[in-house]
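Heads up: the structure comes next, in structure tokens.
Heavy atoms only: backbone and side chains are in, while hydrogens, waters and symmetry mates are out.
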Amino acid sequence: MKVGGCLQNIMLQKCGARTLLRAAEVRAIRHNMIITNGPITMTPIGRSMGSHMMARSYYIPPKYEAKNKRYNWLFGLGVFGALSFGLWWFYYPHHNYPRSVSKLLRKALWEESDKKEFNYQGALKYYIEALEQCQKLGMDPLGDEYTGIELKIAEMYEHLNFEKEANLIYWELVHRYYKALNTPGKIPEEKRQHMVQKDLRVLIKALEQNQDLMYGKKVLLSHLLLAQEEILSRSPELKQYFDTRKQDVIKSNEKEGRDIIVIKQKFDPDEFLKSIKVDENGYMILDLHKDSSAWEPLKEEFFTARDLYTAYCLSTKDLLSALGCKMTTVQWMVLADMAPGQILLSQANLGSLLYLQTEQVEGQLFALNQTPKEDRDDDFKEKVAQLTKQREVCLDLANRCYQSVVSFGKKNKKLRFQVNDLLDPSASQAIALSTYGMGVISLHRGDFSKAERLLNDSLSLAKETDFQELISPSEVELEKVAKARADPKVLEPFHSSPTTEN
């Protein structure tokens, strides 16, 4: 019986959900015309555009049945003002495009609007013509205006179900950005951070359709290392900190090897949460006394990409690399001043990864247990001892990760994580997931009463905070508790270690 079999799926689901949540702006490239920090428009009536994305929302006057003529008059005045502003916004040239290009883009935007019944085929034609015009005018192929049109072309392809053509555009952009960033002097220093941000955004999008796991893992790592170097180049303090840490890891690996037991010696789950404080109103804040500006403006994309890399490591069965990546990610999230709820959730996911490592070690122990007694030599005994120790270390670290999150929630009684508060749900999900994880570990160790209590708590928390992904797994584990009480032998594959008798 595999205890906690849903834990990996839960961790991955939350990793994916968190990625989608934090990558909302990243995925906005599907709806983006231009990605830039400067003034951007080219917005038809009924569309609004922020500094990073053009929202795909169209102005539709609300149905209104006035019961009072006074409100009719006010409503009419408001409509007139909005219409006047919309006309001014539409016809006034707020963009950085030449007139010949902007004319084509206005036509494209009109074709894909609801007024033209979302004619993506017609819009695609005008976007392609606009891009050809940009090429004739010699516009910078790395500029926001040029690449923004390419992204719109990719978006139209997706609307028309030409996923392959769209993906080719994304990969072309990825290679263009990466090559430019690795060419000395190609990108002005003041624009490099923004370029790295765009590179990660498009790469994440391109990897959505990737089927080659090893290639995706390799290319993602190369882009992450590039982004990391860019961040460290902006902060001498950060660079010194990471260089020192890197040397410590190298020396440790040379002396003791790359092993989970070595990790335990320097790993303190509570340390990651020391900077998180809860104010008198129950809101979480980071109590930092350092400058985290070196991570801007690409920290959202950077941590989204790191989460994706962790997922690739899991998919390629490289659990130790996934574990190391997640440990570092949690630590860096604190240094980067990420949202406290996201830090808590990453800490809970780290516990899940440690539990998965436990299961992997137990699989190796189970395989060793099939070794004939006559073949169990000294090497066999040494392997058994080492794996048994690893198993206990992983379980202990996983439990400590979960416990640190749960203790944080209990310590801060005013912590607001009700879903109705319309706050970031990450904190509530982290506490619920950690409670669930502790319940699974308790069942794993045969402590049925504690497991039942914790799993019931996780089920209540999941329902209370609308954490749908955790409800069913909690119920499944509670059923396993009942079965294990009736027949403890169902847990034997987890409790039986290979004997070392000759």
Side-chain angles (χ1 to χ4, degrees), residues 12-13 15-35 42-44 46-50 52-60 101 104-135 141 144-178 198-217 219-220 223 301 304-305 307-308 311-312 315:
L12 286 174
Q13 284 174 5
C15 179
R18 177 169 168 249
T19 299
L20 289 174
L21 179 66
R22 288 173 48 211
E25 184 177 299
V26 177
R27 292 178 182 267
I29 62 175
R30 299 182 65 175
H31 310 296
N32 242 3
M33 184 62 192
I34 311 160
I35 306 175
M42 232 187 62
T43 314
R47 281 196 164 209
S48 62
M49 181 183 282
H52 290 289
M53 64 176 287
M54 178 191 299
R56 289 188 55 76
S57 58
Y58 304 93
Y59 178 75
I60 301 176
V101 177
L104 292 167
L105 293 177
R106 290 182 195 278
K107 291 179 180 179
L109 289 169
W110 178 254
E111 289 295 325
E112 67 169 302
S113 71
D114 56 346
K115 302 297 183 182
K116 295 289 288 185
E117 298 183 349
F118 310 105
N119 181 14
Y120 300 123
Q121 186 74 44
L124 176 61
K125 171 179 174 291
Y126 285 119
Y127 282 127
I128 291 176
E129 289 181 7
L131 187 64
E132 290 173 347
Q133 186 63 25
C134 289
Q135 293 170 346
D144 290 335
E145 291 79 11
Y146 190 101
T147 57
I149 297 176
E150 289 180 295
L151 290 171
K152 287 300 291 185
I153 292 173
E155 180 191 344
M156 296 305 105
Y157 278 136
E158 289 188 332
H159 283 307
L160 295 168
N161 296 318
F162 293 129
E163 298 289 343
K164 182 178 179 181
E165 288 77 4
N167 204 243
L168 285 173
I169 293 176
Y170 294 135
W171 279 112
E172 182 182 342
L173 280 169
V174 167
H175 296 316
R176 192 188 307 163
Y177 288 143
Y178 190 74
K198 294 200 301 179
D199 173 62
L200 291 177
R201 282 183 177 181
V202 182
L203 175 61
I204 292 167
K205 178 61 186 172
L207 288 171
E208 282 186 4
Q209 302 297 324
N210 177 59
Q211 300 297 321
D212 188 338
L213 293 178
M214 293 308 297
Y215 174 75
K217 180 181 176 183
V219 72
L220 185 55
H223 286 254
E301 290 80 4
T304 297
D307 280 345
L308 186 57
Y312 266 103
S315 298

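- For Tyr126, the ring pair (Phe, Tyr, Trp, His ring centres under 6.0 Å) criterion is met by no residue, not counting sequence neighbours.
- Using modelled atom types, no side-chain atom of Asn119 and backbone atom of Glu111 make a donor-acceptor pair closer than 3.5 Å.
- Here Glu301 does not pair with Lys198 in a salt bridge; the nearest charged N to carboxylate O distance is not below 4.0 Å.
- For Tyr215, the side-chain contact (heavy atoms from CB on, under 4.5 Å) test picks out Trp171, His175, Asn210, Asp212, Val219, with sequence neighbours left out.
- The salt bridge (charged side-chain N to carboxylate O under 4.0 Å, His left out) test applied to Glu132 returns no partner, not counting sequence neighbours.
- Leu213 meets the side-chain contact (heavy atoms from CB on, under 4.5 Å) test with Tyr312, Ser315, Thr316; sequence neighbours excluded.
- Although no hydrogens or angles enter the test, the distance criterion places a donor-acceptor pair under 3.5 Å between the side chain of Arg176 and the main chain of Pro141.
- Partners of Lys107 according to the salt bridge (charged side-chain N to carboxylate O under 4.0 Å, His left out) rule, which considers only residues two or more places apart in sequence or in another chain, do not exist here.
- A search for side-chain contact (heavy atoms from CB on, under 4.5 Å) contacts involving Ala130 returns Val101, Leu104, Leu105, Ile149, not counting sequence neighbours.
- With sequence neighbours excluded, the residues forming a side chain to side chain donor-acceptor pair (under 3.5 Å) with Gln135 are Tyr146, listed by chain and number.
- Salt bridge status for Glu158 with Lys205: present, with a side-chain N to carboxylate O gap under 4.0 Å.
- The stretch residues 117-127 participates, sequence neighbours left out, in these salt bridge (charged side-chain N to carboxylate O under 4.0 Å, His left out) pairs: Lys125-Glu129.
- Judged as a side chain to side chain donor-acceptor pair (under 3.5 Å), and not counting sequence neighbours, Gln121 has no contacts.
- Taken from CG in Leu168 to CG in Leu173, the straight-line distance is 11.5 Å, to the nearest 0.5 Å.
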